[in-house]
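All remarks here apply to the structure that follows.
Predicted model only: the values in this text are computed from it and were never measured. Lettering follows sequence order; numbering is per chain, from 1.
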Number of protein chains: 2
Amino acid sequence: MKKESEELVGVKEIARRANVSIATVDRVLHDRPGVSLKTKEKIQQIIKELNYQPNIVARTLASRKKLKFAIIMPASSEETSYWKAPLDGVLQAEQELRQYGISVEKYLFDQNNRKTFVKQTAALLQQKPDGILLAPMFVEESNQFMQQCREQSIPVVFINSDLPGQSGLAYVGPDLYQSGYLSAHLISYLVRPSDSILMLHITRELEMDHHLLRKEEGFRTYWQEQGYTQELITMHIGQTDTETIRHHISRQLKNSSIRVLFVTNSRVAAVAKVLEELDRTDLLLIGYDFLEDSIVYLKKNVIDFLICQKPQEQAYLGMMALYDKLVLNQPVKSVHFMPIDIITRENYLFYNN
Amino acid sequence: MKKESEELVGVKEIARRANVSIATVDRVLHDRPGVSLKTKEKIQQIIKELNYQPNIVARTLASRKKLKFAIIMPASSEETSYWKAPLDGVLQAEQELRQYGISVEKYLFDQNNRKTFVKQTAALLQQKPDGILLAPMFVEESNQFMQQCREQSIPVVFINSDLPGQSGLAYVGPDLYQSGYLSAHLISYLVRPSDSILMLHITRELEMDHHLLRKEEGFRTYWQEQGYTQELITMHIGQTDTETIRHHISRQLKNSSIRVLFVTNSRVAAVAKVLEELDRTDLLLIGYDFLEDSIVYLKKNVIDFLICQKPQEQAYLGMMALYDKLVLNQPVKSVHFMPIDIITRENYLFYNN
DNA sequence: CTGAAAGCGCTTACAG
DNA sequence: CTGAAAGCGCTTACAG
């Protein structure tokens, strides 16, 4: 009985019961104007009674509406291939969404050059996309961009990191504080009472530091909560070339009890290279992200742990959030924290970004 | 130009070019009989030239074919709620697949009683499903079941563990050997030279042991490869009640240097309970699976690490493999190993089964 | 404010 | 072996 009624529920049946045409039902369904209040209420009542669920497949086929999504994120670079993964996520989403008539335009910028970001946002807005996926690396410029999106009523989803004080449609990415907190926990198993820990922020753009500093904050909080007394040395290296890194690290290692190095981003591969050259692979090295370079050192046991946050999935889910909102008209979770994955020599083969 | 041609590609255009009706194109598309070889080849040629991609949305809408999937796995029980997660994965898939006309029938059995499995497989086959998701707990009975599925040409996807010597459509689950190997690596960071390790297999059904023994094998291999000399005590506990577990563990702990306990399945929660009662939470405890009970002890720092393999996703992906094969006619990866996740007090909040 | 009709790109009987 | 026609459940002009 229940089944039968379920079979019948469609615009046609609703129209029949309301004594109107399916066009009118469609108007109510989409809250379009041109329906008398009385008819509207009657139809809404029937929709409710029947617990009508629209057939998304039919809707997609009939509506030739083509949506345009735009993404803007850093380009993968010599310096770090991190951004290849999010782009892959975008590509995956694009492929799945293509059959629903959604196209995706990609705008990449140089994460060491905020001007390229501004330029790309301008180009992007000219295309008048229906939804935007944004990796907000530059706080100030991103704020301005958000302002424009708001004016044009274009929903924006953040990935990788959010934008302090701004709320887009959703954020998909790591909880940076917890990420640092976790690292501290992990490291607490590895250090002896007399060891020191060297925490390294390796980045050119100061702006990105709010990112790294959140991790440090989480780390320090854990350390204090636990009452650990090991020395914690923090260091900022403003150049990302091996030369500079080697210089600073070898100096630090000369006269100290450092036994653990914690790199707060994907530059851990560069540190691994340095440690290998210095013949100090005995040290424990922990860092971020699942990059090919890093995996090489993970296999060689130079890097001990990598903390990853599924960059590909971040982008994929971000795109799907736009789809849920814009196509399915579904509510979207405003914050979606990614799992914090710990990668080792043994499980890396099974890690899917 | 390219774009224009892409717009036009559909059965209609193919039919026009081949000078046939779209019905004939459809026949070729689905490799149905009733087309002369000459016509068939001509059409295939055009399909290739045009790089025709069928519109799945239209196809789904037009084809009122209703597929029936069946799943058979253990029921979640008092003893362990592990199987709740895979069922959730099935439910999630069911919801997404419903709109494509796919229904899912669930057959659950008691993992401590192989007769219930046999009974359920019989009931399942009577329904003549188009595809099956199977957690093959009982090797012999599962083999017989597979035989029947083969006779009826029903594709089967394994989850959780595969079936030695049998190949279904696909396997989605952990690489058990690597899982044990990883545990050993993790534990190697935690033990001091004088410590001993207690490895615990807690299970009633001997049959399931091939599962656990694979993990032990991986563990031992790592330990040997690395040349570690710490004592490794293995123990099988055939009852899963707290009483029995306490009895065995307290005996072991009495006179030994044991400092790490490694439980090879989800019964780690019971061990945690015992350790708490014995006031031996100073010991390091590592086990499997993301169960509520275990998380409680993880938070309390009684359990130190949990190794998880996304049971929910296993089932979800298994269902999707059936969909890819049966609906989209796409090739399916015959083995899909899950990532090996390490869960701690700090990252559990961000873990999605 | 409302409805009749065409159409989205396929599949499915049915007729020949 | 092949084709004309109806239909899947919606949306979209268009006419009134």
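By the side-chain contact (heavy atoms from CB on, under 4.5 Å) test, B:Gln53 pairs with B:Asn51, sequence neighbours left out. The side-chain contact (heavy atoms from CB on, under 4.5 Å) test applied to A:Lys119 returns no partner, not counting sequence neighbours. Listed by chain and residue number, B:Glu13 satisfy the salt bridge (Lys or Arg N to Asp or Glu O under 4.0 Å) test with B:Arg16 (two or more places apart in sequence, or in another chain). With sequence neighbours excluded, the residues satisfying side-chain contact (heavy atoms from CB on, under 4.5 Å) with B:Gln92 are B:Glu96, B:Gln312, B:Tyr316. With sequence neighbours left out, B:Thr121 forms a side-chain contact (heavy atoms from CB on, under 4.5 Å) with B:Ile72, B:Phe117, B:Phe145.
Counting only residues at least two apart or on different chains, the salt bridge (Lys or Arg N to Asp or Glu O under 4.0 Å) pairs with a member in residues 35-61 of chain A are A:Asp31-A:Lys40.
For A:Ile22, counting side-chain heavy atoms from C-beta on, the closest listed nucleotide (C:dG9, D:dC14, D:dC10) is D:dC10. Closest to the side chain of A:Asn55, from the set D:dT12, D:dC10, C:dC10, is D:dC10. Candidate nucleotides D:dT2, D:dC10, C:dG3 were compared by shortest atom distance to the side chain of A:Tyr52, and D:dC10 ranks first. In the set D:dC10, C:dA13, D:dC14, D:dC10 carries the atom at the smallest distance from any side-chain atom of A:Ala62. Of the candidates D:dC10, D:dG3, D:dA13, the closest approach to any side-chain atom of A:Ala23 belongs to D:dA13.
Straight-line distance from the OH atom of B:Tyr100 to the P atom of C:dC10: 16 Å, rounded to whole Å. One interatomic measurement links the two molecules: CZ of B:Arg16 to C1' of D:dA4, which rounds to 19 Å at whole-angstrom precision. The interatomic distance linking A:Gln99 (CD) with C:dC8 (C1') rounds to 15 Å, in whole Å. We find that NZ of A:Lys66 is positioned 14 Å from C1' of D:dT12, with the value rounded to whole Å. Residue B:Arg59 contributes atom CZ, which lies 10 Å from atom P of C:dT12 at whole-angstrom precision. For the pair B:Ile56 CD1 and C:dC10 P, the computed distance is 9 Å after rounding to whole Å.
Comparing B:Leu61 and B:Ser21 against DNA chain D, the residue whose closest nucleotide sits nearer the 5' end is B:Ser21. Nearer to the 5' terminus of DNA chain C, by closest-nucleotide assignment, is the contact made by B:Val57 (compared with the other of B:Arg27 and B:Val57).
The stretch residues 29-41 of chain B touches DNA chain D through B:Gly34, B:Val35, B:Ser36, B:Thr39, each having a heavy atom under 4.0 angstrom from the strand.
Around the NZ atom of B:Lys106, the shell of radius 6.0 Å holds more than 12 heavy atoms that belong to other residues, nucleotides or ligands. For A:Gln95, the CD atom counts as loosely surrounded, since its 6.0 Å shell holds 12 or fewer non-hydrogen atoms of other residues, nucleotides or ligands.
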Throw together a table of side-chain donor-acceptor distances under 3.5 angstrom for residues 126-137 of chain B, partners on residues two or more places apart or in other chains.
from     : atom 1 : to      : atom 2 : distance (Å)
B:Asp130 : OD2    : B:Lys68 : N      : 2.7

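With the 3.5 Å cutoff on both pairing distances, Watson-Crick and G-U pairs in DNA chain C assemble into runs of at least 3 at C:1-3 with D:14-16, C:5-12 with D:5-12, C:14-16 with D:1-3.
Ring geometry, A:Tyr171 versus A:Phe337: the interplanar angle exceeds 60°, so the pair is classed perpendicular (tilted spans 30 to 60°).
Using a 4.0 Å cut-off, no side-chain N or O of B:Ser63 falls inside it from OP1 or OP2 of C:dC10.
Using a 4.0 Å heavy-atom criterion, one finds that A:Val20 contacts the sugar-phosphate atoms exclusively.
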